[in-house]
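The block underneath contains the structure these notes are about, expressed in structure tokens.
One-based numbering, in listed order, for ligands and for the atoms of each.
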Amino acid sequence: MEKTSKYQPVINIENHDTIGMLAIDNKGDLAGACTTSGMAYKMAGSIGDSPIIGAGLFIDYEVGGPTATGVGKEVVRTVGSFLIVELMRQGKTPQEACEEGVKRIIEKNEEKLDFQIGFIAINKKGETGGYCIQPGFTYRVFSEKGHSNNTASSYIST
Ligand code: GLY
């Protein structure tokens, strides 16, 4: 008898638990990190974006870097963080690059946008940006001028 997978967990958009951090010092040196519990209900053996350099995190010391949260396999499909670095290298701001990175993922999923992806990014000048699919993705910016809570703009509005 043939067995078929009926793996179709109902996952809400809150199913993302990744924490990403990006830093730049006063010499312009960049660093980044991300840590995750991984997606709930994922199939045994599957892997998310966070441990894959270029997907969930990528830092290019000459350009800048992003990090991601959300459904990691979708970030892996576009090598999302590497893509955002390359977009910044071509002249996009961190905000513009995050928006394009999310839009590439949306293009592959237009029929079913029931998940969250969020990117934050920083460039060599210390400019930052953030963008996501679903509303409600927040990030915090600390600098010598103080700190701020930011709600990333989103593809789907509230
Ligand atoms: N973003 C974390 C994961 O997909 O595992």
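For ligand 1, the atoms sitting less than 4.0 Å from at least one non-hydrogen atom of Thr18 are 1 (N), 2 (C), numbered in the order shown with element in parentheses. Each of the following atoms of ligand 1 lies closer than 4.0 Å to a heavy atom of Gly48: 3 (C), 4 (O), 5 (O). Within the listing of ligand 1, atoms 2 (C) sit less than 4.0 angstrom from a heavy atom of Thr36. Near Ser50, meaning under 4.0 Å from any of its heavy atoms, are these atoms of ligand 1: 1 (N), 2 (C).
Residue contacts with ligand 1: Gly38 is placed with no nitrogen or oxygen under 3.5 Å of a nitrogen or oxygen of the ligand (distance criterion only). Considering backbone and side-chain atoms together, Val71 places no N or O closer than 3.5 Å to any N or O of ligand 1.
Taking the side chain as every heavy atom from C-beta outward, Ile106 and Leu113 approach each other to under 4.5 Å. The shortest side-chain heavy-atom distance between Ile122 and Pro94 does not fall under the 4.5 Å cut-off. Side-chain contact between Ile19 and Thr36: absent, with no pair of heavy atoms (C-beta onward) separated by less than 4.5 Å. For the pair Met21 and Thr67, the minimum side-chain heavy-atom distance is 4.5 Å or more.
Within the structure, ligand 1 has Gly70 among the residues with a heavy atom less than 4.0 angstrom away. For Asp49, the heavy-atom gap to ligand 1 drops under 4.0 angstrom.
Under the 6.0 Å cut-off for aromatic ring centres, Phe119 and Tyr131 do not qualify, their centroids lying 6.0 Å or more apart.
Residue Leu30 is grouped with residue Val141 when hydrophobic side chains (ILVMFWY) are merged at heavy-atom distances under 4.5 angstrom, including chains of intermediate members.
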